[in-house]
Amino acid sequence: MTRRSIAVHFLLVLFACSLTFAQDAQGTQAMMASCTYHDDYSVTVRYSDANPGKKRDLPNGKVWSPGDVPMLLFTEAPVKVANVELAVGAYSMYVIPDKGKWTLIVNKNIAPGAAYDEKQDVARTSMETGQLPSAIDQPHVSFAHISPKVCSLRVDFGKTGAWADAFLEK
């Protein structure tokens, strides 16, 4: 597959998933975080908080995503997560928050309205955690560069920040 056809394929998947995400998160603001590698390819996460202002706690030990809507991961280049190579495309993402230990999950099911299915997980990796200086009531997802080919994902909510240096460009 040529680089151009990969880019066109990626844009079509991104467009289709964006429409799906917009339909699932009606009435909410879609938020996005991205990390661009040294060769201008990027990984992007779209997420929503479908319950802004609603008091809630993290479900310790259970699969969770902001707003109870899966985060969507888009990759423009093959990346490795937990020694598993992810092809260019779209994936859903979840976390399992637990006291002092979180887990990041990458799942291949991006069907609108589909329930989480562990059988469709393609990668899982541990996330480190730390205390935030003050609690935040709206989930926040961001990326940071660790090196030109490694992006770290961060998820902050409540008084906890969790991160994983998980996205290694191939």
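Side chains included, hydrogens not; waters and symmetry mates left out as well; all remaining heavy atoms used. Worth saying up front: this structure is predicted, and the values here are computed from it rather than measured.
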How long is the gap from [atom1] on [X] to [atom2] on [Y], to the nearest 0.5 Å?
X      : Y      : atom1 : atom2 : answer
Met93  : Ser65  : CE    : OG    : 10.0 Å
Ser126 : Lys101 : OG    : NZ    : 6.5 Å
Lys159 : Thr129 : NZ    : OG1   : 14.5 Å
Asn107 : Leu72  : CG    : CG    : 11.0 Å
Trp64  : Leu58  : CH2   : CG    : 5.5 Å
Thr75  : Lys170 : OG1   : NZ    : 13.5 Å

What are the two closest heavy atoms between [X] and [Y], and how far apart are they?
X      : Y      : value
Ala162 : Asp156 : N-OD1, 4.1 Å
Val81  : Ala123 : O-CB, 3.7 Å
Tyr47  : Met32  : CE2-N, 4.1 Å
Leu132 : Gly158 : CD1-O, 3.7 Å
His145 : Tyr37  : CE1-CA, 4.1 Å
Val95  : Met71  : CG1-CE, 4.3 Å

Begin with the C-alpha distance, continue with both residues' side-chain angles, and end with the deciding distance and a verdict on side-chain contact (heavy atoms from CB on, under 4.5 Å) for Trp102 and Thr160. CA-CA 10 Å; Trp102 285 31; Thr160 304; 3.7 Å; yes

I want to check something: taking the side chain as every heavy atom from C-beta on, are [X] and [Y] in contact at a cut-off of under 4.5 Å?
X      : Y      : value
Phe74  : Arg46  : yes
Thr125 : Thr103 : no
Thr44  : Leu73  : no
Glu169 : Lys80  : no
Glu118 : Arg124 : yes
Val106 : Leu86  : yes
Ser48  : Pro66  : no

Would you call Lys119 and Asp121 a salt bridge, taking side-chain N to carboxylate O under 4.0 Å as the test?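 Asp121 and Lys119: not salt-bridged.
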
Could you list who else is in Ile96's hydrophobic cluster, with ILVMFWY side chains joined at under 4.5 Å, directly or through other members? Val63, Tyr94, Ile105, Tyr116

Should [X] and [Y] be regarded as members of a common hydrophobic cluster, given that ILVMFWY residues are connected when their side-chain heavy atoms come within less than 4.5 Å of each other, either directly or indirectly?
X      : Y      : value
Met31  : Trp163 : no
Val155 : Ile146 : no
Val150 : Val141 : no

Taking the six-membered ring for Trp and the full ring for Phe, Tyr or His, determine whether the centres of Phe167 and Phe143 are under 6.0 Å apart. yes

For the pair Gln120 (side chain) and Lys108 (backbone), establish whether a donor and an acceptor sit closer than 3.5 Å, ignoring hydrogens and angles.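 No; zero donor-acceptor contacts below 3.5 Å.
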
Report the C-alpha separation of Val43 and Glu76 in whole Å, then their side-chain angles, then the decisive distance to 0.1 Å, and conclude whether the side-chain contact (heavy atoms from CB on, under 4.5 Å) test is met. CA-CA 6 Å; Val43 292; Glu76 289 183 332; over 6 Å; no

